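Reviewing the structure listed below.
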Amino acid sequence: MLTTNFIRSNIELVKEGLKKRNFSDDNLSVLQQIIDLDDQRKSQQTKLDEQLAEINKISGQIGQLYKEGKREEADELKKKVAEIKGISKGLEDQAKQIKLDLENLLLTVPNVPNKLVPAGNSDEDNEVIQAWDDEMPNLSADALPHWEITEKYDIIDFKLGAQLTGAGFPVYKGKGAKLQRALINFFLAEAESAGYQEIMPPIMVNATTARGTGALPDKEGQMYVIEEEQKLYLIPTAELPVTNVYAGKIIKDKEFPIKMTAYTPCFRREAGSYGSDVKGLNRLHQFDKVEIVQITHPDKSYETLDKMMLHVEGLLKKLELPYRILRLCSGDLSFHSALTYDFEVFSAAQKKWLEVSSVSNFETFQSNRMKMRFKDENGKTQLVHTLNGSALALPRIVAALLENHQTADGVNIPEALRSYTGFDKID
RNA sequence: GGAGGGUUGGCCGAGUGGCUUAAGGCGCACGCUUGGAAAGCGUGUAUAUCUCAAAAGGAUAUCGAGGGUUCGAAUCCCUCACUCUCCGCCA
């Protein structure tokens, strides 16, 4: 969520940003509505404060008069207060309504894309900023797609998952299950040695937490909801609970940078998905992911974004997978992000690129919602910048590992993973 | 699930309707003191919004959250959340 002050003082920048996100001129009028409402809010606040100050003043006088035994005079003043109270009550109700309307409008405004974000409408306009120049895996003509490999070695059972729960909830078996555990441990160990503190958060969150990172209201339809006394949401990513660790806090300068990592299962309804995109491990309702989150000083966030990308890149190198890096265009950029880089690995048997990581800088968009702040060198409170990235999401990594490293007599486990799996071949 | 106690500032903690402008302590910052440090002494120490060109200053709100009673609420009442103790159940 942008702040009204930011919109006010950077109106042209915000307009350009929204245009890049394909807002029509009509839709841009929301910005003027926000400023007008904010003007109303201010004048209402001033009026209300004046009335309340008057009440406070008279109440003091009444107390004094009672002490002096001047009952009638006090009663006179009481009538006056009752009158003012009628006015202030009305002002208060109006002020509340204005704040609510303002908040609802602000929630409809996405983050301003960074200058680097290319304009575009869909993933076809994403910019490849680092292509894969090395050799592609040289697979034989009878190379299998991962959903056949998993069946051949009986390591992932999609049918059984469908029987137990539904499509998109696979059952990992034997070496398949061990591979999951190995990848999780490998990713966590790598994150830890890069200085991230491990967090193990709840995998259900309440509405406030979901709103904090921007999952609500704009991704409501993508989350599974548990309806008990209060609504709980199964997390679509560890980003929700982990970023919210510092919600409402004022962070001390020396605490920067805050680096956290977490492994969690992730749950996504993926409503409306269909076809070959959802085949096998390509798109699941439940999957495992190790997430990295950083909370930084605003001056450092883009530097931090680069470091996080290097971390993700390092993982893919160690897993010996061909990858490329994309800078998302404005049409593909998520609502709350200012700049996002996607990492894709090449799935040799499917002959397509699969997204395995998304690394983003949200600037103050999330911290404003979460009221996550720090004190600058002048003692002023300012919003922090938040960033996150997948490091990494498992299913498509597993798909790529199986397909790229398959041989006639089994699937080879990359060197870096072997101490975690305890085996070097799936056969 | 049942019964009872609690929630006050960064932390501890006092506070039963107006003298609360939230006592006192700890912590933190700055200063004095010191050869240097500690101790000691002094000063300061929340957040948000409005007002103000800005700073200073002023106003309002905030004592778990929301509502209510009252001229006036940290204090009384209601609802909810969290927490502790005991009982029950339990991996």
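Bear in mind the structure is a predicted one, so any value in this text is a computation, not a measurement. Letters A, B, ... are given to chains in the order of the sequence lines, protein chains preceding strands, and every chain is numbered from 1.
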Review point. Has Arg373(A) got a side-chain N or O lying under 4.0 Å from the OP1 or OP2 atom of U47(B)?
Key: no
Check your understanding: Taking only residues two or more places apart in sequence, or in another chain, which ones meet Leu116(A) in a side-chain contact (heavy atoms from CB on, under 4.5 Å)?
Key -> Asn114(A), Arg327(A), Leu339(A), Tyr341(A)
Check your understanding: Partners of Tyr263(A) by side-chain hydrogen bond (donor to acceptor under 3.5 Å, both in side chains), sequence neighbours excluded?
Key -> Asp288(A)
**Study point:** For Glu415(A), all residues meeting salt bridge (Lys or Arg N to Asp or Glu O under 4.0 Å), sequence neighbours excluded
**Key:** Arg418(A)
Practice item. Please identify each residue that fulfils side-chain hydrogen bond (donor to acceptor under 3.5 Å, both in side chains) with Ser357(A), with sequence neighbours left out. Key: none
Exercise for review: Tell me, please, which residues at least two apart from Asp101(A) pass side-chain hydrogen bond (donor to acceptor under 3.5 Å, both in side chains).
Suggested key: Gln97(A)
N/O-N/O pairs, protein side and nucleotides 77-79 of chain B side, under 3.5 Å:
none

Review point. With Phe169(A), which residues qualify under ring-ring contact (aromatic ring centres under 6.0 Å, His included), at least two apart?
Key: His285(A)
Point to revise | Per-nucleotide protein contact string for nucleotides 57-71 of chain B (B base, S sugar-phosphate only, - none; heavy atom under 4.0 Å) | key: --BSS-----SS-BB
Revision key, fill the gap. Contacts of Phe362(A) meeting ring-ring contact (aromatic ring centres under 6.0 Å, His included) (sequence neighbours excluded), chain-then-number -> His336(A)
**Study point:** His405(A): ring-ring contact (aromatic ring centres under 6.0 Å, His included) partners, not counting sequence neighbours
**Key:** none
Exercise for review: Give me the residues of residues 240-248 of chain A where at least one heavy atom lies under 4.0 Å from an atom of RNA chain B, by number, or none.
Suggested key: none
Check your understanding: Partners of Gln45(A) by side-chain hydrogen bond (donor to acceptor under 3.5 Å, both in side chains), sequence neighbours excluded?
Key -> Asp49(A)
